[in-house]
Trainee: 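Supplied in structure tokens, the structure appears directly below.
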Amino acid sequence: MNVEVYLDQLNQSQREAVEYTDGASLVIAGAGSGKTRVLTYKIAYLISRGVLPQRILALTFTNKAAREMKERIARLAEPELAKRLWMGTFHSIFARILRFEATSLEYPADFTIYDATDSKSLIRSIIKEMGLDDKQYRPGMVQARISNAKNALVTFKAYEQSKELVEGDMRSNVPLIREIYRRYQARCFQAGAMDFDDLLLQTNILFRDHPTVLDKYRNFFQYILVDEYQDTNFAQHLIVLRLSELHGRICVVGDDAQSIYSFRGANIDNILQFKNQYPGCRIFKLEQNYRSTQNIVDAANSLIHKNERQIEKRVYSKKEPGSKIGLISLYSDYEEAYAVAAKIIEMRMNDRLNAYADFAILYRTNAQSRVLEEALRKQAIPYRVYGGLSFYQRKEIKDILSYFRLVVNPHDEESLKRVINYPIRGIGNTTITKLLDAATEYMVSPWTILCDPLTYALPVNAGTAAKLSSFKEMILTFQEKNQTLSLEELTDFILKETGILSFLVQDQTVEGQSKFENAQELVKGIMEYCDMKREEGEERVRLTDFLSEVALLTDQDNDRNEQTDKVTLMTVHAAKGLEFKNVFIVGLEEDLFPSMMSKDNTRALEEERRLFYVAITRAEENCVLTYAKSRFRNGKTMICLPSRFLRDIDSAYLDVPQDVFGLDTFSSERSSSTFQKNTFLINENKSVSFSNIPKQEPKLTKLSSATSTANAIAPLGGLTIGTRVGHMRFGEGEIIALEGEGGNAKATVCFEHSGVKQLLLKFAKLTVIE
DNA sequence: CAAAATGTGGTTTTT
DNA sequence: CCACATTTTG
């Protein structure tokens, strides 16, 4: 496409932002102001001006954003050129660079990426090994502290030396965080693993300690663009600064009013101070909102102006005034859900143009989706919930992927722990503990011990040693196969060889079925990935690349963009960057939105307000706010007060039905709440006292059934291989192996319906069947 | 050794 | 309430 043609599609300020390519620029892009358009056109413009696409670095926050932008650029410029762009998330781009440069950091090029679950599990083990109380040192909290440190580029050495941090930990009664951090980092290194934060921290270390490497990249990338700059943390900010400081050809785009990720270390000062960091930087403001009606934009403005710290701008809409923002109050979360469902049905009746996909329901926390789902289901409204776990984070999928991870890097301790006894192969907790203890003692990875148990005097008996050895051999075989087989063939081989496939088939339970289906889905995903890579011209699809990609994938990324017409349910965070014709924002209550954690902290509160701003500005035509006076939370019904944010919106833009609720009734709310509270208490007490009685019964029956197995046979008494036996739960089966004696005698039984089990005869009540 | 039962504690958002 | 971690039971 001709450059002039697409430049003409831009408004004045957008066009200026696109055409300025000489030095640093900051584009302040109000909500709905065509930010993505500016970014994509600017990249296309750069390409048209002769910049080679492979020398443009464009950083985004989600893979989805990167993918969509690539597609749009492909349409503007040559698709072949678009492919060569270095465009992706911070994490995926720098993971790629770190693989190239891994040797400088003494990491393996095939390093594993630990996700949050892996890190937490490792931290838990370390806390245990150090003999610390995991109530005092809660793994989640320790993880957060380490993560914050890394995002602020505080290495464990710097941490130990920081008076402020160490004293802070003392005051919080967790003085040993620094030691946990130190060990954690050592263990990651030993496992050849980097966690999410390492991808940024290690990149910084790489650039700091290896000037030639830094030079290579800062000369290579001729132009750098960063999307959502308001959400960058210090580590990201510094990487960008390092790469661009020589030539200053950098363009960052963002909106300080939409900075909502400080919990992840994002620092709003990065955007507020950008102009000071890059002297001579040009600032472009995109203030015309093309997305929403005037009422929505004005309401959102009235809200955000309650915040102190912000870059001055005037966002406006030239669309029709549109309808006011609705506000509905309900008695419970349950009613709220049904009211939203009813409203959706009503709006579809009134306007046949409303498809289900035109609706979104946004909430503060994922837990709120449950009631909403129930209401939508009962009203036969199709919906799709976004968020929560990504497909690749599910237990059964992670289990399978762990084998892949071990193939690439057997020192990966977390993967080893997952699969050494999955499917069950008789390597129990005792053995695993011994293995891990030895690894800690000798300061090597568990795999090293596994490969050479004698040298490290692993205290296991011959039987266990054989099992460990065969596990080791299996992984080695996979590694060999990885050299010769394609990724698809390897997948097939691993699923069969490990017995995962038959293990899942055997499982007759509902969850078992869905696990099996998920495993099939994974196989499909791998095949699609391979096809895609081959289309892109990759000769051999590398397992490392696949693992790297899935580790950094989120739920939003694997939306198979189903074309089906469904209502969208997601958190406000997840909705950032999206737009819908009709938006419901639910649960506008104190301690929920704004969340409890933020109420005594002005900065946090301002962030919550920005979050609400993001939510409102998702709406194109209609925006409805709801809140409930009571809500079922953490197993209890809580009384709720309306959110303070409702008062921040200028009432001129609000439409409050007289018969339901008036803003001036905030104070008179209390009397009815107290009344509600009492009724709830009475009801709860009643149900509690009743529910205790029937609980006794199953216990009685269970006791009697246990005694009925009086004809259980004595250990080893007359059992041989081939004996048919019966078991209370597993049914009938045949003994296929016997080992050990006395108290440790153990039988391997193949049950007709429950598969092969190993049972300790001391405990298992087997009956001989004639 | 493996499965069931019982605690426990935590709930903000996620690359 | 729910997920998970630990303890108990077979």
Side-chain angles (χ1 to χ4, degrees), chain A residues 59-65 88-95 113 115-117 120-121 124 128 134-135 138-141 144 147 151 195-197 199-200 228 231-233 235-236 260-266 362-368 370-371 387-390 393 395 421 424-432 464 467 551-557 570-576 587 591-598 604 607-608 610-611 614 632-637 698-699 702 706 709 712 727-730 739-740 744-748 754 757-766:
Chain A
L59 299 164
T60 61
F61 266 78
T62 62
N63 298 294
K64 191 179 166 202
T89 62
F90 270 93
H91 290 82
S92 61
I93 293 284
F94 293 108
I113 297 173
D115 68 17
T117 317
K120 200 168 180 176
S121 152
R124 183 173 282 120
K128 211 175 251 173
D134 63 0
K135 276 164 200 144
R138 291 208 310 295
M141 173 234 121
S147 174
N151 285 326
D195 65 18
F196 282 159
D197 305 314
L199 297 176
L200 305 175
E228 309 278 14
D231 288 328
T232 51
N233 58 36
Q236 292 165 323
I260 56 174
Y261 280 104
S262 74
F263 69 92
R264 217 170 65 195
L362 309 182
Y363 36 79
R364 180 66 241 269
T365 66
N366 279 307
Q368 288 167 258
R370 200 172 282 272
V371 221
L389 281 197
S390 110
Q393 306 261 60
K395 232 188 205 129
N421 199 30
I424 293 153
R425 51 173 71 87
I427 302 176
N429 278 331
T430 330
T431 310
I432 296 173
T464 309
K467 285 173 192 157
L552 299 172
L553 225 48
T554 61
D555 183 58
Q556 339 225 333
D557 298 318
M570 55 170 64
T571 62
V572 183
H573 281 90
K576 195 172 74 157
D591 294 344
L592 181 61
F593 201 170
S595 97
M596 203 145 38
M597 334 289 256
S598 63
E607 175 150 320
E608 294 281 314
R610 291 193 295 268
L611 191 57
V614 168
F632 198 68
R633 276 224 273 174
N634 312 335
K636 282 199 187 79
T637 302
K699 282 205 170 165
K702 201 164 163 216
T709 51
H727 185 277
M728 250 167 57
R729 207 155 20 93
F730 300 141
E739 59 179 302
N744 289 321
K746 200 166 64 177
T748 308
S754 325
K757 307 269 177 207
Q758 297 189 52
L759 303 165
L760 226 54
L761 292 178
K762 184 165 59 166
F763 296 126
K765 296 199 167 67
L766 294 172

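Quick caveat, the model's predicted, so the values are computed rather than measured. Proteins come first, then strands; the chains are lettered A, B, ... in the order of their sequence lines, and each starts at number 1. Reckoned from all heavy atoms, side chains included, excluding hydrogens, waters and symmetry mates.
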Trainee: Looking for any heavy atom pair under 4.0 Å, which part of the strands does A:R124 touch: base, sugar-phosphate only, or nothing?
Mentor: sugar-phosphate
Trainee: For the side chain of A:Y261, counting heavy atoms from C-beta on, which of C:dC2, B:dT14, B:dT12 is nearest?
Mentor: B:dT14
Trainee: Say whether, by atom type as modelled, one donor and one acceptor occur between the side chain of A:E607 and the main chain of A:S262 under 3.5 angstrom.
Mentor: yes
Trainee: Are there runs of at least three consecutive Watson-Crick or G-U pairs touching DNA chain B, with each pair's two distances under 3.5 angstrom? Give them by first number.
Mentor: B:1-10 with C:1-10
Trainee: Just how far, in rounded Å, is C1' of B:dG10 from CE of A:M597?
Mentor: 9 Å
Trainee: So what does A:D115 hit on the nucleic acid, given a heavy-atom distance under 4.0 Å: a base, only sugar-phosphate, or nothing?
Mentor: nothing
Trainee: Tell me: OH of A:Y363 to C1' of B:dT11, nearest whole Å?
Mentor: 15 Å
Trainee: Just so I know, are the side chains of A:L200 and A:N233 near enough to count as touching, which here means a heavy-atom distance under 4.5 Å?
Mentor: yes
Trainee: Check whether A:N151 reaches the backbone of A:D197 with its side chain - one donor and one acceptor, N or O, closer than 3.5 Å.
Mentor: no
Trainee: Heavy atoms from C-beta onward define the side chain here; which of B:dC1, C:dC1, B:dT14 lies closest to that of A:T571?
Mentor: B:dT14
Trainee: May I have the distance from A:E228 (atom CD) to B:dT15 (atom C1'), rounded to whole angstrom?
Mentor: 12 Å
Trainee: Looking at A:N63 and A:L552, would you say the former's side chain and the latter's main chain have a donor-acceptor pair under 3.5 Å?
Mentor: yes
Trainee: Can you tell me how far C1' of B:dT14 sits from CD of A:Q236, to the nearest Å?
Mentor: 12 Å
Trainee: Verify, without hydrogens or angle tests, whether A:N421 (side chain) and A:R425 (backbone) share a donor-acceptor contact under 3.5 angstrom.
Mentor: yes
Trainee: Checking only heavy atoms, does the side chain of A:R364 share a donor-acceptor pair with the base of B:dT13 at less than 3.5 Å?
Mentor: yes
Trainee: Choose from B:dT15, B:dT14, C:dC2 the nucleotide whose nearest atom is closest to any side-chain atom of A:A574.
Mentor: B:dT14
Trainee: So, is A:R138 near the phosphate of B:dG10, with a side-chain N or O under 4.0 Å from OP1 or OP2?
Mentor: yes
Trainee: Among all residues two or more places apart in sequence or in another chain, which pass the side-chain contact (heavy atoms from CB on, under 4.5 Å) test with A:S121?
Mentor: A:E414, A:K417
Trainee: Using a cut-off of strictly less than 4.0 Å, decide whether A:K135 has a side-chain nitrogen or oxygen near OP1 or OP2 of C:dT6.
Mentor: no
Trainee: C:dA3 P sits how many Å from A:N634 CG, rounded?
Mentor: 13 Å
Trainee: Given B:dT12, B:dC1, B:dA2, which nucleotide is nearest the side-chain atoms of A:I424?
Mentor: B:dA2
Trainee: Can any side-chain N or O of A:D115 pair as donor or acceptor with the backbone N or O of A:A551 at less than 3.5 Å?
Mentor: no
Trainee: Tell me the interatomic distance from A:D591, atom CG, to B:dT11, atom C1', rounded to whole angstroms.
Mentor: 13 Å
Trainee: Does OP1 or OP2 of C:dT6 have a side-chain N or O of A:N429 closer than 4.0 Å?
Mentor: no
Trainee: Rounding to the closest angstrom, what is the interatomic distance between B:dT12 and C:dA5 at atom C1'?
Mentor: 23 Å
Trainee: Rounded to the Å, how far apart are A:D231 CG and B:dT14 C1'?
Mentor: 11 Å
Trainee: Nearest 0.5 angstrom please: A:L611 CG to A:K576 NZ, how far?
Mentor: 10.0 Å
Trainee: Measure the distance from CD1 on A:I260 to C1' on B:dT15 and round it to the nearest whole Å.
Mentor: 13 Å
Trainee: Any donor-acceptor pair under 3.5 Å linking the side chain of A:H91 with the backbone of A:L199?
Mentor: no
Trainee: Output yes when at least one side-chain N/O atom of A:N366 is less than 4.0 Å from OP1 or OP2 of B:dT13, else no.
Mentor: yes
Trainee: Which nucleotide wins on minimum distance to the side chain of A:S595, given the candidates B:dT12, C:dT6, C:dC2?
Mentor: B:dT12
Trainee: Contact class for A:K128 (heavy atom, under 4.0 Å): base, sugar-phosphate, or nothing?
Mentor: sugar-phosphate
Trainee: Side-chain N or O of A:S92 versus OP1/OP2 of B:dT15: is the shortest distance under 4.0 Å?
Mentor: no
Trainee: Contact class for A:S598 vs. all strands (heavy atom < 4.0 Å): base, sugar-phosphate, or nothing?
Mentor: nothing
Trainee: Considering every strand and a 4.0 Å limit on heavy-atom distances, what is the contact class for A:F263: base, sugar-phosphate, or nothing?
Mentor: base
Trainee: Select from A:T89 and A:T464 the residue whose nearest nucleotide in DNA chain B is closer to the 5' end of that strand.
Mentor: A:T464
Trainee: Using the side-chain heavy atoms of A:K395, tell me which of these nucleotides is nearest: C:dC4, B:dA2, B:dT12.
Mentor: C:dC4
